[in-house]
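Here's the structure, in structure tokens; my notes come after.
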Amino acid sequence: NRHNLNSRTEVSADKAFLERAVQRAITGSLDPGETICGERVAADQATLEWILHPGCSFELPAEQRTAATTQLQRLRDNEKK
């Protein structure tokens, strides 16, 4: 039982981490003291591509899916400049 409880806790922590990463990627928000850098932009782009990929296990409501698509396009457009 103890193992199952730890596994559920780890899954919950992993899900919470993914939800935060996805939300930050969609909004482009930064944590206090964080600066925009190429690695962060690349991470956000990869996150958005992953969650928008058909068959991805991470489900987004329609409104968030639209916002993610828009943000991904912004990042791709900015990359070309």
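Throughout, residue positions are numbered sequentially from 1 according to the sequence presented. Atoms considered below: every heavy atom in the structure, side chains included; atoms not considered: hydrogens, waters and symmetry mates.
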When rounded to the nearest 0.5 angstrom, what is the spacing between [atom1] in [X] and [atom2] in [Y]?
{"X": "R76", "Y": "L72", "atom1": "CZ", "atom2": "CG", "value": "4.0 Å"}
{"X": "R20", "Y": "K15", "atom1": "CZ", "atom2": "NZ", "value": "13.0 Å"}
{"X": "I51", "Y": "L60", "atom1": "CD1", "atom2": "CG", "value": "4.5 Å"}

- Could you please spell out the steps behind the side chain to side chain donor-acceptor pair (under 3.5 Å) verdict for E19 and Q23? CA-CA 6 Å; E19 288 174 351; Q23 192 58 39; over 6 Å; no
Shortest non-hydrogen separation from [X] to [Y] and the atoms involved:
{"X": "D44", "Y": "R24", "result": "OD2-O, 4.2 Å"}
{"X": "A67", "Y": "I26", "result": "CB-CG2, 3.6 Å"}
{"X": "T47", "Y": "A21", "result": "CG2-O, 4.2 Å"}
{"X": "R65", "Y": "L52", "result": "NH1-CD2, 3.3 Å"}

- Query: Can you find a side-chain donor-acceptor pair between R74 and Q71 that sits under 3.5 Å?
  - Reply: yes
